[in-house]
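Before any comments, here is the structure.
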Amino acid sequence: MSISPSKANTIIIGAGAAGLAIGACLKRRDIPNIILEQSDKVGATWRKQYDRLHLHTDKKNSELPFASFPKEYPRYPSRDQLVTYLENYAAKFDLDVRFNQRVTSAKREQDQWHVQTQDTLHTSPNLVIACGYARQPLMPEWNGMKTFPGKIIHSSEYKNGAEFKGRNVLVVGFGNSGGEIAVDLHEHGAKPSLAVRNAVNVIPRELAGIPILSIGIVQNKMPHWLADAVNAPILRMVVGDITKYGLRKLPYGPATQISKDKRIPLIDVGTMKLIREGHIQVYAGVGEFSGNRIRFEGGKEAEFDAVVLATGYRPRVNEFLTDASSVFDEEGTPNSTGWESGIPGLYFCGYYVSPTGMLREISIEAKKIASIIASQFVPNLPN
Ligand SMILES: Cc1cc2nc3c(=O)[nH]c(=O)nc-3n(C[C@H](O)[C@H](O)[C@H](O)COP(=O)(O)OP(=O)(O)OC[C@H]3O[C@@H](n4cnc5c(N)ncnc54)[C@H](O)[C@@H]3O)c2cc1C
């Protein structure tokens, strides 16, 4: 094991959007920082996502501090365009990213953070955790699951529907990944179904040509119940009655859902049209597996060739942040994001599930964290 001789004032964990944004904001303030990244490239989480993925939020409201998306990019950039944007961002600010550095533990001792990777100990007075909300795939288990003869993958492993052509594929989960993967499967000639356990809300990506996010930003100043009351008749008109297709509508609207349940409603990129046309079947939540037969809550059964678990993620910062249980919940989700946590010199960035888009929030949080760190920064003067 080696000890890093770095004189970083701040160690950042993660070279995704959040880590790079913090790095850039600190760099602009001449505050020495390093970014520890477990993979060998920036934007690792986005690189792994499925081919069809585009931002659901518009580019104007998704940019990181001090760098717009290129003019030639569409309003909703693709996965690959976002990755290129992140690569250019790291290069533009000449960020000091240390690749292949997987953080295994982080502890505060004598006013310093001791951040251990598989081979190196890094130390600094400040630590920003920017490892992403989507750090660990959530993989539920059901009775009989091991008897299923086909492929079962998490949405984070799904690339495209080519290998599922002509197959009956069950997508479990009605979040934005599940909704879009079902569309992708249909476009590749597969026969997709969705297992939807909970009651849901559905919103369009745009209303009258205005990105839904821009509307969310304006309405974020209102109480959530009021925003939902204003939107309800418009959503009823645009989205229609989703209960006709086997879905259950949440008793409250999208704004309340995001703040109360910390879950983003389905931003519809074509899923509802395919459901209405009968190309995507809707089932209730999964009950149990028996060979290739799956029984759903309520008793319906059907046979499938493959299953995609679009069942979400957990941040699980508790895996490496030891001795700090006061700043996250029992699942390792931070209690705060965007300012100094309850432990001195410890910050989280990118953990706010927001009606105004997570990338937009990351940008706001990164600037705020950098300004707090700058206000406490004492440069190392030469002797
Ligand atoms: C499928 C999907 C679609 C999304 N679409 C949108 C959208 O349209 N608009 C929007 O605003 N938001 C969206 N989000 C949410 C969020 O904005 C993005 O996930 C964004 O990439 C989050 O950036 P991040 O830097 O916080 O996390 P990540 O991009 O996940 O980056 C975290 C980095 O930390 C690294 N890391 C993790 N653990 C360690 C460790 N122990 N040691 C070292 N490095 C580590 C990872 O390798 C990764 O590079 C989406 C999320 C997903 C999953």
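FYI, the numbering just counts along the sequence from 1.
In this structure a side-chain-to-backbone donor-acceptor pair under 3.5 Å is present from Tyr85 to Leu64. Side-chain atoms of Asn176 come within 3.5 Å of backbone atoms of Ile267 as a donor-acceptor pair (strictly under, hydrogens ignored). Using modelled atom types, no side-chain atom of Lys7 and backbone atom of Pro32 make a donor-acceptor pair closer than 3.5 Å. Formation of a donor-acceptor pair under 3.5 Å by the Thr243 side chain with backbone atoms of Arg248 is not found in this model. With hydrogens and angles ignored, the 3.5 Å screen pairs no side-chain donor or acceptor of Glu331 with any backbone N or O of Arg314. A distance-only check finds no donor-acceptor pair linking the side chain of Thr271 to the backbone of Asp268 [under 3.5 Å]. Between the side chain of Thr84 and the backbone N or O of Asp80, at least one donor-acceptor pair lies under 3.5 Å. Using modelled atom types, no side-chain atom of Arg47 and backbone atom of Lys41 make a donor-acceptor pair closer than 3.5 Å. Proximity of a side-chain donor or acceptor of Ser290 to a complementary backbone N or O of Arg293 within less than 3.5 Å is not detected. Although no hydrogens or angles enter the test, the distance criterion places a donor-acceptor pair under 3.5 Å between the side chain of Asp305 and the main chain of Asn168.
The side-chain heavy atoms of Gln101 and Glu37, taken from C-beta on, include no pair separated by under 4.5 Å. The shortest side-chain heavy-atom distance between Asp241 and Lys244 falls under the 4.5 Å cut-off. Considering only heavy atoms from C-beta on, Tyr347 stays 4.5 Å or farther from Ile129 through its side chain. In this structure, the side chains of Ile13 and Phe320 come closer than 4.5 Å at one or more pairs of heavy atoms. Under the 4.5 Å side-chain criterion, counting only non-hydrogen atoms from C-beta, Met358 is not in contact with Ile264. When side chains are defined from C-beta on, Lys262 does not count as touching Ile258, because their heavy atoms never get closer than 4.5 Å. Counting only heavy atoms from C-beta outward, the side chains of Leu36 and Phe99 never approach each other to under 4.5 Å. Looking at heavy atoms from C-beta onward, Ser214 lies in side-chain contact with Asp58 at the 4.5 angstrom threshold.
Taking all atoms of both residues into account, the shortest heavy-atom contact from Gly178 to Leu194 is O-CD2, 3.8 Å. Counting all heavy atoms, side chain and backbone alike, Leu53 lies closest to Trp46 at CD2-CZ3, 3.1 Å. Residues Ala195 and Val286 come closest through the heavy atom pair CB-CG2, 4.0 Å. Across Gly19 and Ile35, no two heavy atoms sit closer than the pair O-CD1, 3.6 Å. When all heavy atoms of Leu235 and Pro254 are compared, the pair lying nearest together is CD1-CG, 3.9 Å. In terms of heavy atoms, Pro211 sits closest to Tyr76 at CB-OH, 3.6 Å.
Remark: Trp142 CH2 to Arg295 CZ distance equals 13.5 Å, nearest 0.5 Å. A distance of 11.5 Å separates CD1 of Ile12 from CZ of Arg98, quoted to the nearest 0.5 Å. Between atom CG of residue Asn126 and atom OG1 of residue Thr10 there is a gap of 4.0 Å, rounded to the nearest 0.5 Å. Taking CD from Glu297 and CD from Glu288, the interatomic distance works out to 11.0 Å, rounded to the nearest 0.5 Å. Separating the CZ atom in Phe148 from the CG atom in Asn292 is a distance of 6.5 Å, to the nearest 0.5 Å. The OG1 atom of Thr333 lies 5.0 Å from the OH atom of Tyr133; values are rounded to the nearest 0.5 Å.
Salt bridge Glu63/Lys59: absent, no basic N to carboxylate O contact under 4.0 Å.
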As a quick check of understanding, evaluate side-chain contact (heavy atoms from CB on, under 4.5 Å) for Ile369 and Val128, giving each step before the final call.
CA-CA 9 Å; Ile369 291 172; Val128 184; 4.2 Å; yes
Quick one: do Asn201 and Lys249 satisfy side chain to side chain donor-acceptor pair (under 3.5 Å)? Show the steps, please.
CA-CA 6 Å; Asn201 278 306; Lys249 163 90 184 71; 2.5 Å; yes
side-chain contact (heavy atoms from CB on, under 4.5 Å) evaluation trace for Tyr245 with Ile280
CA-CA 10 Å; Tyr245 309 102; Ile280 299 175; over 6 Å; no
Given His224 and Lys260, is the side-chain contact (heavy atoms from CB on, under 4.5 Å) satisfied, shown in steps?
CA-CA 10 Å; His224 301 307; Lys260 186 169 171 293; over 6 Å; no
Go through the steps to decide whether Tyr313 and His154 satisfy the test ring-ring contact (aromatic ring centres under 6.0 Å, His included), and finish with yes or no.
CA-CA 10 Å; Tyr313 300 86; His154 187 265; 5.2 Å; yes
Mind running side-chain contact (heavy atoms from CB on, under 4.5 Å) on His279 and Val183 for me, showing each step along the way?
CA-CA 9 Å; His279 297 300; Val183 173; over 6 Å; no
Kindly indicate, with the supporting measurements, whether the criterion salt bridge (Lys or Arg N to Asp or Glu O under 4.0 Å) is fulfilled by Arg52 and Glu180.
CA-CA 8 Å; Arg52 193 184 195 278; Glu180 188 164 8; 3.0 Å; yes
Go through it in stages, so that I can follow the logic: the residues are Asn33 and Asp96, the test is side chain to side chain donor-acceptor pair (under 3.5 Å), and I'd like the CA-CA distance, side-chain angles, deciding distance and then a yes or no.
CA-CA 7 Å; Asn33 68 88; Asp96 185 354; over 6 Å; no
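For Gln49 and Ser156, the side-chain atoms include no donor-acceptor pair closer than 3.5 Å. Side-chain atoms of Gln118 and Gln38 include no donor-acceptor pair closer than 3.5 Å. Under 3.5 Å, the side chains of Asn100 and Asp40 contain no donor-acceptor pair of N or O atoms. A donor-acceptor contact closer than 3.5 angstrom is absent between the side chains of Asp329 and Asn335. If you check the side chains of Thr337 and Glu365, you find a donor sitting under 3.5 Å from an acceptor. For the residue pair Asn231 and Asp228, no side-chain donor N or O sits within less than 3.5 Å of a side-chain acceptor on the partner. Ser62 and Thr57 are linked by a side-chain donor-acceptor pair at a separation below 3.5 angstrom, with hydrogens and angles left out of the test.
Atom CZ of Arg197 has 12 or fewer neighbouring heavy atoms from other residues, nucleotides or ligands inside a 6.0 Å radius. The 12-atom threshold is not exceeded at CZ of Arg263, counting heavy atoms of other residues, nucleotides or ligands nearer than 6.0 Å. Environment of CD in Glu141: sparse, with no more than 12 heavy atoms of neighbouring residues, nucleotides or ligands closer than 6.0 Å. In this structure, Lys159 places its NZ atom where more than 12 heavy-atom neighbours from other residues, nucleotides or ligands lie under 6.0 Å away. Counting non-hydrogen atoms of other residues, nucleotides and ligands closer than 6.0 Å to CD of Glu72 gives a total above 12.
In the hydrophobic cluster analysis, where Ile, Leu, Val, Met, Phe, Trp and Tyr join through side-chain heavy atoms closer than 4.5 angstrom, Ile362 is grouped together with Val97.
Ring planes of Tyr158 and Phe164: parallel class, angle under 30° (limits at 30 and 60°).
Sorted by first and then second residue, the salt bridge (Lys or Arg N to Asp or Glu O under 4.0 Å) pairs with a member in residues 100-111 read Arg108-Asp111; sequence neighbours excluded.
The side-chain tip of Arg28 points at the ring of Phe66 from less than 6.0 angstrom away and within 45° of straight on.
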